[in-house]
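Scroll down for the structure; my scribbles are underneath it.
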Amino acid sequence: MRRSGRLVLAGTLALSLLLGAYTVDGWGRDAGRGASPRFITDAQGRSLILHGLNTQSSAKSAPDGMPTDYDEKFIDAERELLGSNLVRFLLQWRSLEPAPGRYDEAYLDRVETWVRWYAERGILVMLDMHQDIYGPAVNGNGAPAWATKHDGLPAPAQDPWELGYVQPGTMRAFDHFWNTTGEHPGLRDHYARAWAHVARRFAEDPAVLGYDLMNEPWGGSLPGLPFERGPLSDLYQRTTDEIRRVDRNKWIFVEPRAVGVNWGLASGLRPIEDPVDRIGYAPHLYPLPLDLGNGYTGSNRTLIDRTLNAWRDAVTATARRQNAPIVLGEYGLDATKPGALDFVDAVSRVTDEMHAGRVYWSSDPGNGWSPWTADREPTELARRLAVPYPRAVAGTPVTNAWDPKTRTLKLVYTADPKVTAPTEFWLPSEGTVTGGTGTWDEETGLLTVKAPATGTRTLTVTLK
Ligand code: MNI
């Protein structure tokens with residue numbers, strides 16, 4: 001990264017941090033502590049803990065909007081090595097609605113093929129309408145050209161890439177999308193109806209968990225909290241209303257603004273009204289020192305640990321206002337940076353504490369962030385991501401803690417007498433359990449545990 005670029009980025013970020021910190025309103029850092037979290041449940045009534053990867057960045061620039069470096073066999077490797085039960089799968093609005101009001105069914109067919117591949121391996125799919133730098137930039141925009149109204153203003157590629165968000169063409173395209181300019185009020189309706197079209201396709205498909213309405217929203221010239229409280233919440237409400245006309249079943253995941261909230265600041269999202277009360281919260285986590293290219297060591301480590309705590313408290317507070325389960329939709333870093341793998345462990349610990357799901361960014365092979373080499377061999381990062389976890393719990397989890405030192409996982413839960421299905425753990429290698437009767441399946445990596453369906457239960461799993 002060029003030095004000047006870094007300075008501008010650091011300046012922009014410091015300013016947004018100050019503004020954000022100044023305007024944290026009403027609900028303080030500790031508002032979410034002690035609240036009982038909401039869980040996504042399966043058809044048997046078990047609480048789900050969802051782990052997996054994002055698939056994938058290559059779809060952003062692929063002409064057909066599909067992942068380019070990944071295939072069915074690779075999903076087998078993911079399932080076997082990481083025990084994934086969730087994937088966040090990137091959708092491209094440009095592929096879905098190539099002309100206003102015309103939807104490309106062949107694109108949805110391709111998406112459906114991938115959904116089936118994941119389903120055959122027991123992996124649920126969260127569909128994510130992915131934008132990055134919505135504007136005239138060629139790669140990674142996500143939106144169709146007809147919906148990208150940038151008035152001919154430019155948005156040249158930047159280093160660091162995030163500065164592309166503050167280029168004139170990008171700012172203008174966002175301002176028109178949110179209708180801050182009052183000139184293109186129909187764009188948000190297109191967006192909402194496009195989502196309803198996706199929902200019509202997948203409403204009855206049990207392999208699809210739900211819809212992540214917009215990747216890393218940015219308000220253009222409208223700053224953080226007013227943007228979230230106003231047009232972003234409005235878009236989510238409008239899109240939820242459209243989706244619920246055709247789908248009263250799937251989870252609808254909302255993301256906060258990226259800038260600031262990715263670093264642990266509070267979100268200003270308003271609760272979304274949903275007749276079926278199935279709104280999930282899917283924020284991202286990218287601590288600022290990591291964004292700026294540092295590792296997880298020394299004083300940066302101290303700062304990042306503070307970010308993790310602030311992020312946990314802010315996210316918990318927002319989720320509680322919405323009664324929403326939490327899925328960390330993205331976290332990731334260059335795993336070759338010093339201490340990077342310890343950061344991965346730290347995120348596992350914090351999200352377990354919160355009973356949140358997590359999907360790592362991303363499954364693209366052959367770069368520093370990837371759990372796979374270009375030859376698709378697992379990296380050290382893949383082994384760090386492969387922690388044992390309770391996938392499905394016959395009640396409500398109270399404590400879920402994996403201790404890498406003793407190689408022991410402790411699950412405490414309040415048993416639900418109505419749930420007859422067993423609690424299920426995924427383990428990277430064979431393990432034993434106390435507190436219930438376990439059956440280990442080498443093939444799937446699943447330890448299935450029967451325990452009495454009353455009271456508070458403690459299951460302790462130890463890897464052999
Ligand atoms: O770090 C970001 C990010 C920084 C700054 C901004 N703005 C200035 C609006 C927005 C986002 N994003 C992190 C990751 N998210 C994408 C995919 O969603 C990944 O490529 C990034 O690494």
Side-chain angles (χ1 to χ4, degrees), residues 1-24 28-33 158-163 165-166 216 223-224 256-267 283-318 326 328-354 356 358 360-362 367-371 379-385 387 401-405:
M1 189 190 296
R2 279 178 295 109
R3 210 181 156 69
S4 58
R6 246 183 219 216
L7 281 176
V8 179
L9 182 64
T12 314
L13 303 186
L15 186 66
S16 357
L17 266 175
L18 280 172
L19 288 172
Y22 179 67
T23 44
V24 171
R29 283 173 46 107
D30 292 331
R33 305 298 286 281
Q158 300 294 308
D159 176 15
W161 69 269
E162 293 96 328
L163 284 176
Y165 273 106
V166 293
E216 300 203 332
R257 73 185 200 274
V259 173
V261 181
N262 284 7
W263 315 322
L265 296 184
S267 165
H284 295 179
L285 168 61
Y286 289 103
L288 196 47
L290 297 176
D291 264 356
L292 292 170
N294 296 301
Y296 183 60
T297 52
S299 59
N300 281 311
R301 183 170 176 136
T302 312
L303 278 173
I304 292 165
D305 285 340
R306 265 187 225 145
T307 296
L308 285 173
N309 289 339
W311 183 88
R312 176 198 60 207
D313 294 347
V315 164
T316 305
T318 307
I326 302 164
L328 166 53
E330 278 187 33
Y331 69 108
L333 80 172
D334 181 346
T336 64
K337 286 269 154 63
L341 298 176
D342 294 337
F343 173 72
V344 169
D345 286 350
V347 176
S348 298
R349 203 166 52 240
V350 168
T351 45
D352 282 350
E353 247 176 68
M354 299 163 70
R358 56 175 180 260
Y360 180 84
W361 180 270
S362 66
N367 63 59
W369 289 47
S370 181
T379 63
E380 194 53 40
L381 170 65
R383 280 180 278 276
R384 280 304 174 103
L385 290 170
V387 293
W402 160 245
D403 181 352
K405 287 202 192 69

- Take the angle between the ring planes of Tyr165 and Trp161 and call it parallel below 30°, perpendicular above 60°, tilted in between. tilted
- Those residues at least two apart in sequence (or on a different chain) that pass salt bridge (Lys or Arg N to Asp or Glu O under 4.0 Å) with Asp345 are Arg384
- Message: The criterion is side-chain hydrogen bond (donor to acceptor under 3.5 Å, both in side chains); which residues satisfy it with Asn300, sequence neighbours excluded?
- Response: none
- Query: Considering all heavy atoms of both residues, which atom of Pro289 and which atom of Ile304 are nearest to each other, and what is their separation?
  - Reply: CG-CG1, 3.8 Å
- Message: Quick one: does any side-chain atom of Asn262 pair with a main-chain N or O of Leu285 as donor and acceptor, under 3.5 Å?
- Response: no
- Query: Can you find a heavy atom in the side chain of Tyr286 that is under 4.5 Å from one in the side chain of Glu216?
  - Reply: yes
- Message: My understanding is that only residues two or more places apart in sequence, or in another chain, count here; which of them pass salt bridge (Lys or Arg N to Asp or Glu O under 4.0 Å) with Arg349?
- Response: none
- How would you list, by chain and number, every residue that makes a side-chain hydrogen bond (donor to acceptor under 3.5 Å, both in side chains) with Thr336, sequence neighbours excluded? Asp334
- Residues Leu308 and Ala346: closest non-hydrogen pair is CD1-CB, 3.7 Å
- Residues two or more places apart in sequence or in another chain: which of them pass side-chain hydrogen bond (donor to acceptor under 3.5 Å, both in side chains) with Thr351? Arg358
- Message: Distance check, rounded to the nearest 0.5 Å: Asp352 atom CG versus Trp402 atom CH2?
- Response: 11.0 Å
- Item | Straight-line distance of Tyr331 OH to Trp311 CH2, nearest 0.5 Å | 10.0 Å
- Over all atoms of both residues, closest heavy-atom pair of Ser267 and Thr318: CB-OG1, 3.9 Å
- Message: Holding to salt bridge (Lys or Arg N to Asp or Glu O under 4.0 Å), I want the full list of residues that pass it with Glu330, two or more places apart in sequence or in another chain.
- Response: Arg88
- Query: Is a donor on one side and an acceptor on the other found under 3.5 Å between the side chain of Lys337 and the backbone of Tyr296?
  - Reply: no
- Where Leu385 and Pro371 come nearest, the two heavy atoms and their spacing: CD1-CB, 4.2 Å
- Query: Between Gly264 and Ala314, which heavy-atom pair has the shortest distance, and what is it?
  - Reply: O-CB, 3.7 Å
- Find the distance between CE (Met354) and CG (Asp313) and round it off to the nearest 0.5 Å. 8.5 Å
- Item | Non-hydrogen side-chain atoms of Thr307 and Leu288 separated by less than 4.5 Å | no
- Not counting sequence neighbours, which residues clear side-chain hydrogen bond (donor to acceptor under 3.5 Å, both in side chains) with Tyr360? List them please. none
- Please report the shortest heavy-atom distance between Thr316 and Arg312, naming the atom on each side. OG1-O, 2.5 Å
